[in-house]
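Okay, so here's the structure we're looking at.
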There are 2 protein chains.
Amino acid sequence: MAPRPLTKPRKDASQKRSRATVDALVEATARVLVKEGFDKASTNRIAGMAGVSIGSLYQYFPSKEALVAAVIDRHQRDVQRAVRAELAEAMNLPLEKAVRKLVAMAVKAHRVDPKLHRVLAEQIPRMGKLEDSGAFNRENYASFRDYLERHRDALAVGDLELASFVCVTAVEALTHNAVLAEKLSDKEMDALTDHTTRLIVRYLKA
Amino acid sequence: MAPRPLTKPRKDASQKRSRATVDALVEATARVLVKEGFDKASTNRIAGMAGVSIGSLYQYFPSKEALVAAVIDRHQRDVQRAVRAELAEAMNLPLEKAVRKLVAMAVKAHRVDPKLHRVLAEQIPRMGKLEDSGAFNRENYASFRDYLERHRDALAVGDLELASFVCVTAVEALTHNAVLAEKLSDKEMDALTDHTTRLIVRYLKA
DNA sequence: ATAAAAAGCGAGCCATTGCTCATATTATAT
DNA sequence: ATATAATATGAGCAATGGCTCGCTTTTTAT
């Protein structure tokens, strides 16, 4: 039995040279996605932009999808890093403060490489089951539900599942669209944060 | 000057045979988009599904984009037809009734061929300037703003531009996501309509 | 020093894409 | 009936896509 042909893509990059190659490929994928869009992001182009041969690309990534998945993964890590601490804090605040903090968090999250975020948001749905992709949102969703449950008494809504859906969906859409508009000043973003907070608080509060 | 070579795509389909061909192509495009997704929707496949030769396709549509644009156009006409009358009615109702009607309208609009709607919603942003595409939304947006202006006294918000953005974005996202979830019963959809109405009304009302 | 393993290379295969064009068929007008 | 315009056809081209494979270079281990 041959010692596993070299052409089957490996996953591990044991030497630092190869780790650099992998990083360059992920970075190049993100850059190409933003600059050219998903359709024009061919593996050859990505390899070129990374300064790496197409052969090397396929040593570490079995497919174009795998490459995009790696970019998504990295992006989500970045967002999580920017946000996780604050999320924990918010859990112990009273309703209005908590909501305001969550909205601010959502804005911050969307401001981590917004152009990449846009491309990914457009592409993820059609990539079918990219299992991890929803995990982050699901986690935030669960956290929020949890918060509502703990503060049940202060709320005027009975169905917390539905309430979570309403709040998370609305906040996500508002911040997403606002950040993508790009032309918004800081003052306008503050106004939006105020309004979004008010929207959610009034909806929830008894 | 040659009498315009036959290979340059025409636009008009003067005989009914050709009108049928055009219809079949638009219909086939919609069907392929839904069944195979945008990436797999090649012109050859579309022509095949329409039972029309690839040559004929290019007599009426200069490009794949034109085909998709025609589908978008047709879909938007369908939605408008399903909704326009009610929109006018809503304009003369008091706040809560009006909002409830608008939310119900949004649900109805999203239920016109939801699978097609999903594909189009994913694809339109990346088709760059597909000018007419936003027109429908912009019209609804303007109508809503108009309503707010006329009922200014009953509202607790000053910035009507921002308020319109908040309301339209939230309602659109909620109905869009809810309809795409697909697994929702009528009862659940009613609950969602209630909650969405409440969300908007509480946000707006003094 | 040397052999083996790891990493890198890129010409090129094969499938598919959007699309053209020379030709054939059908409709309309006289 | 016949000429002309309208419509339909599909083989096939040029471009591009994802990806493989035989090979070279670099690193690591002994």
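Chain naming here is simple, since letters A, B, ... match the order of the sequence lines and numbering starts at 1 in each.
Atom pair B/Leu25:CG and D/dA8:C1' shows a separation of 11 Å (rounding to whole Å applied). What separates CG of A/Leu67 from C1' of D/dC19 is a distance of 13 Å, to the nearest Å. Separating the NZ atom of B/Lys40 from the C1' atom of C/dA15 is a distance of 12 Å, rounded to the nearest angstrom. Remark: C1' of D/dG17 and CG of A/Asn44 are 8 Å apart, rounded to the nearest angstrom. Rounding to whole angstrom units, NZ of residue B/Lys16 and P of C/dT26 are separated by 16 Å. With rounding to whole Å, A/Asp39 atom CG is found 13 Å from C/dT17 atom P. A straight line from CZ of A/Arg19 to P of C/dG8 spans 11 Å, rounded to a whole angstrom. Put simply, CZ on A/Phe38 is 13 Å from P on D/dG17, counting in whole angstrom units.
Of the candidates C/dA7, D/dC19, C/dT26, the closest approach to any side-chain atom of B/Arg17 belongs to C/dT26. Each of D/dT7, D/dG18, C/dC9 was ranked by its minimum atom distance to the side chain of A/Ser53; first place goes to C/dC9. Ranking C/dA6, D/dT9, D/dC19 by closeness to the A/Gln15 side chain, first place goes to C/dA6. The side chain of B/Tyr58 approaches C/dC19 more closely than any other nucleotide in the set C/dC19, C/dA7, C/dT28. Side-chain proximity of A/Tyr60 to D/dG18, C/dA7, C/dA27: nearest is C/dA7. The side chain of B/Ile54 has C/dC19 as its nearest neighbour among C/dC19, C/dA11, D/dT28.
Aromatic ring pairs are classed by plane angle as parallel below 30°, tilted from 30° to 60° and perpendicular above 60°; the pair B/His117 and B/His75 is tilted.
In terms of polar N and O atoms assigned as donor or acceptor, the side chain of B/Gln59 comes within less than 3.5 Å of the base of D/dA8 in a complementary pairing.
Between D/dT9 and B/Ser56, a contact under 4.0 Å exists linking OP1 or OP2 to a side-chain N or O. Between A/Thr21 and C/dA7 there is no side-chain polar atom (N or O) within less than 4.0 angstrom of OP1 or OP2. Residue B/Ser18 places at least one side-chain N or O closer than 4.0 Å to OP1 or OP2 of D/dT7.
Note that A/Lys64 lies outside the cation-pi zone of A/Tyr58, set by a 6.0 Å cut-off to the ring centre and a 45° limit from the axis.
Side chain of A/Thr175 to backbone of A/Glu172: a donor-acceptor contact under 3.5 angstrom is found. Judged by distance alone, the side chain of B/Ser18 and the main-chain N or O of B/Gln15 form a donor-acceptor pair under 3.5 Å.
Using modelled atom types, one finds a donor on one side chain and an acceptor on the other under 3.5 Å when comparing A/Glu188 with A/Ser185.
Centroid-to-centroid, the aromatic rings of A/Phe165 and B/His195 stay 6.0 Å apart or farther.
With the nearest nucleotide of DNA chain C identified for both A/Val52 and B/Gly55, A/Val52 has the one nearer the 5' end.
At a threshold of 4.0 Å, the pair A/Asp23-A/Arg19 does not count as salt-bridged, since none of the basic side-chain nitrogens sits closer than that to a carboxylate oxygen.
Listed by residue number, there are no residues of residues 27-35 of chain A with a heavy-atom contact under 4.0 Å to DNA chain C.
With sequence neighbours excluded, the residues satisfying side chain to side chain contact (heavy atoms under 4.5 Å, CB included) with B/Val52 are B/Thr21, B/Leu25, B/Ala50, B/Ser56.
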